[in-house]
Amino acid sequence: MHVFADFAARLRAILVTLAAEGVIGHLPDLSRVVVEPPRDPSHGDLATNAAMALAKDLGMKPRDLAEAIAAKLGADADVASASIAGPGFVNLSLTETFWRDQLAKALRDGEDFGRPPPRSDAWVNVEYVSANPTGPMHVGHCRGAVFGDALARLLEFSGEPVTREYYINDAGAQVDVLARSVFLRYREALGEDVGEIPEGLYPGDYLKPVGEALVAAHGSALRNQPEKEWLPVVRTEAIAAMMTMIRADLAQLGIRHDVFFSERSLHGEGGAIDQAVEELTKHGLIYVGRLAPPKGQLPEDWEDREQTLFRATSFGDDVDRPLKKSDGSYTYFAADVAYFRSKFERGFNEMVFVMGADHGGYVKRLEAVGKALSGGAARVSVELCQLVRLFRNGEPFKMSKRAGEFVTLRDVVDEVGRDAVRFMMLFRSNDAVLDFDFAKVVDQSRDNPVFYVQMAYARTQSTLRKAVEAHGELPDSINFSLLSDAGELALIKKVAAWPRIVEQAAASRQPHRIAFYLHELASDLHSHWNRGKDSPDLRFIMENNPLLTHARLGLVKAVALVLASGLGILGVSAPDEMR
RNA sequence: GUCCCGGUAGCUCAGCAGGAUAGAGCAACGGUUUCCUAAACCGUAGGUCACAGGUUCGAAUCCUGUCCGGGACGCCA
């Protein structure tokens, strides 16, 4: 239990006591009561709004209630002072001893520090990337990939079991286009001059090796078959080749998935889609009808006709959604329904979808599917990532989409490195547009947050290495009461804040909070370090004072383990030294 | 026309399950330093939280409306 939760519990106990003593009439609803760090540190270490939040319910004046609470809290051995401020805040300052104990606890917990107890009630499915298997990953996929991976790591760290899933869109018309494109490369590999790649096919060179592999496997046997014969064969091999490439791209970013789920596997007579539609039909959620055309400008090819529709509007969507195309085959959405059902039947009770902002229109229909099929038993959360704008030295970096001229994810990682890509993608709220400047991201200065945070970690490691030379290994028992400098105590408090940051980041599904916290922690470390320049008696390693050195190294070690944990959640390396 | 996201310091952005005098980095300004433990440090200034209503003890945060920017809107996946 972290410091703030700890004191929330103590506060609750105090209210129980006050009720027993008759000071307050009853034990009120505490859901609006918070114990949190005050915005202004001069107000103390903790603040609670309890008196203001509960005054009305208890029929008391906030200040009177605050008096009663502050008196009890002030008697707590860990509380140095309890005061009342403003309209009824109770501000607490905790004893230095209490904070030093938190430091000792952090060191005892080691890499588990900040990790809440595992939850047995959660089983989360995080679906992310799910790029179409028609080519290499490009930068547009990057943010969602990194975000999804970091979110999965964050939830895992928070004790929620996570399965990482990739949905392969291997059933639509575009994988047929892929197959035809590859077939051309196959004929090319057989020695034919295929000339320009026709409009509408994928022109990229990356398909050449796939054509060559087909020759190696089939010789010229496919060449004279009708398309009906060769297409499924070529398609299967092409998709497999694309997925191999995509996995390699992802691996380069440090991303892996537990499950690769094939959309195609849902199709077929009596298959998962049929079953899902049948289930919806049984619940009366499917009908045949007409949709009103969208207001505003009418699509040119709009044709008013009857469709098989899912009653998404019964579950909060704006419009009912079609399940069948005009040729009678299922829509992409129909497969989505079956896919959700698969996840639900596999036991997940939270489905997280990480998507680009251009998929914002999908949120309501996915939520509707979730409600319809799980009866509210599964939570659907959609995390949208806004787009990334590329810059080079401040100049917008245009990429031409035609002729396969796009910036691949591989290009970006090759140029700036995995750590820089990942950290920068996470150093922004995911629903804000992100500017990514190649020059700034590799800059080796404190202006670059990646460098700044990694530098802080490297600094802890070099300090610990040097300390071992000077004083040998850290002993098991350390006298932390020697830590009394304001900068040291501030660092301790920052370290002690870590578990709460993890809790909030996980609850809000916002890994960027981890990145911002790490930047602050690094800043506190650097700034304390710099104080040692002017005041040598504040340096971590004190040649003539091993006991003080040990205490300070304990603090350095705690900072290091939190930095390492945090960077681990972001999937960014914690280097022992900067090169 | 409808829906989603954003609008906070000159710039880039945090903060938003309601809390006190709204924060950080950069830029600006002023000073210190050229040392060293790892790529200088300290300080100052800078705000109608887009706008208007509402909810309440209290709103950047929640609700309604408006404006601006971005995205999306049956049979593509």
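Naming: A, B, ... by sequence-line order, numbering from 1 per chain. Bear in mind the structure is a predicted one, so any value in this text is a computation, not a measurement.
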Under 3.5 Å, side-chain donor or acceptor atoms of residues 536-544 of chain A against the rest of the protein: list the pairs with distances, not counting sequence neighbours.
{"residue": "A:Arg539", "atom": "NE", "partner": "A:Gly532", "partner atom": "O", "Å": "2.7"}
{"residue": "A:Arg539", "atom": "NH2", "partner": "A:Gly532", "partner atom": "O", "Å": "3.3"}

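- Applying the ring-ring contact (aromatic ring centres under 6.0 Å, His included) test to every pair with at least one member in residues 428-453 of chain A, sequence neighbours left out, gives these pairs: A:Phe397-A:Phe438, A:Phe436-A:Phe438, A:Tyr452-A:His519, A:Tyr452-A:His526.
- The nearest heavy atom of RNA chain B to A:Pro536 and to A:Ala171 marks one nucleotide each, and the one closer to the 5' end goes with A:Pro536.
- Between B:A45 and B:G31, the distance separating the two P atoms is 16 Å to the nearest Å.
- In this structure, the ring-ring contact (aromatic ring centres under 6.0 Å, His included) partners of A:Phe260, at least two apart in sequence or on a different chain, are A:Tyr166, A:His257.
- Judged by distance alone, the side chains of A:Asp419 and A:Gln454 do bring a donor and an acceptor atom under 3.5 Å apart.
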Notebook entry, point to check: When every nucleotide of nucleotides 22-34 of chain B is labelled 5' to 3' by its protein contacts under 4.0 Å (heavy atoms), B for base, S for sugar-phosphate only, - for none, what sequence of letters results?
Noted result: S---S--------

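- Comparing atom distances between the A:Arg305 side chain and each of B:C13, B:A38, B:G74 picks out B:G74 as nearest.
- Under the stacking criterion of a centre-to-centre distance below 5.5 angstrom and an interplanar angle below 30°, A:Phe89 is not stacked against the six-membered ring of B:G19.
- Listed by chain and number, the residues in a ring-ring contact (aromatic ring centres under 6.0 Å, His included) with A:His43 amount to none (sequence neighbours excluded).
- Shown for residues 509-517 of chain A: residues whose heavy atoms fall under 4.0 angstrom of RNA chain B, namely A:His512, A:Arg513, A:Phe516.
- Comparing B:A38, B:G74, B:G71 against the side chain of A:Arg459 picks out B:A38 as the nearest.
- Residues A:Leu291 and A:Val34 each lie close to RNA chain B; by heavy-atom proximity, the contact nearer the 5' end of the strand is made by A:Val34.
- With hydrogens and angles ignored, the 3.5 Å screen pairs a side-chain donor or acceptor of A:Ser262 with a backbone N or O of A:Arg264.
- A:Ser527 and A:Arg531 are linked by a side-chain donor-acceptor pair at a separation below 3.5 angstrom, with hydrogens and angles left out of the test.
- RNA chain B forms stems at B:1-7 with B:67-73, B:10-13 with B:23-26, B:28-32 with B:40-44, B:50-54 with B:62-66, each a run of 3 or more consecutive Watson-Crick or G-U wobble pairs whose two key distances fall under 3.5 Å.
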Can you give me the N/O atom pairs linking the protein to nucleotides 42-46 of chain B at distances under 3.5 Å, or say none if there are none?
none

Grab the N/O contacts between the protein and nucleotides 55-57 of chain B below 3.5 Å, and write none if there aren't any.
{"residue": "B:C57", "atom": "OP1", "partner": "A:Lys56", "partner atom": "NZ", "Å": "2.6"}

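- The only option from A:Tyr330, A:Phe333, A:Phe261 that meets the ring-ring contact (aromatic ring centres under 6.0 Å, His included) definition with A:Tyr339 turns out to be A:Phe261.
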Review item, nucleotides 3-6 of chain B N/O atoms under 3.5 Å of protein N/O:
{"residue": "B:C3", "atom": "O3'", "partner": "A:Lys364", "partner atom": "NZ", "Å": "3.3"}
{"residue": "B:C5", "atom": "O2'", "partner": "A:Gln386", "partner atom": "NE2", "Å": "3.4"}
{"residue": "B:C5", "atom": "O2'", "partner": "A:Asp431", "partner atom": "O", "Å": "2.8"}

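- Comparing B:A27 with B:C42, their P atoms sit 14 Å apart, to the nearest whole Å.
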Throw together a table of side-chain donor-acceptor distances under 3.5 angstrom for residues 127-135 of chain A, partners on residues two or more places apart or in other chains.
{"residue": "A:Glu127", "atom": "OE1", "partner": "A:Lys343", "partner atom": "NZ", "Å": "2.8"}
{"residue": "A:Glu127", "atom": "OE2", "partner": "A:Ser130", "partner atom": "OG", "Å": "3.1"}
{"residue": "A:Tyr128", "atom": "OH", "partner": "A:Asp149", "partner atom": "OD1", "Å": "3.3"}
{"residue": "A:Tyr128", "atom": "OH", "partner": "A:Arg256", "partner atom": "O", "Å": "3.3"}
{"residue": "A:Ser130", "atom": "OG", "partner": "A:Tyr167", "partner atom": "N", "Å": "3.0"}
{"residue": "A:Asn132", "atom": "OD1", "partner": "A:Gln174", "partner atom": "NE2", "Å": "3.2"}

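- Between A:Lys533 and B:A38, a side-chain N or O to OP1/OP2 separation shorter than 4.0 Å is absent.
- A:Tyr457 is linked by a ring-ring contact (aromatic ring centres under 6.0 Å, His included) to nothing, counting only residues two or more places apart in sequence or in another chain.
- Going from the P atom of B:G47 to that of B:A22 covers 12 Å, rounded to whole Å.
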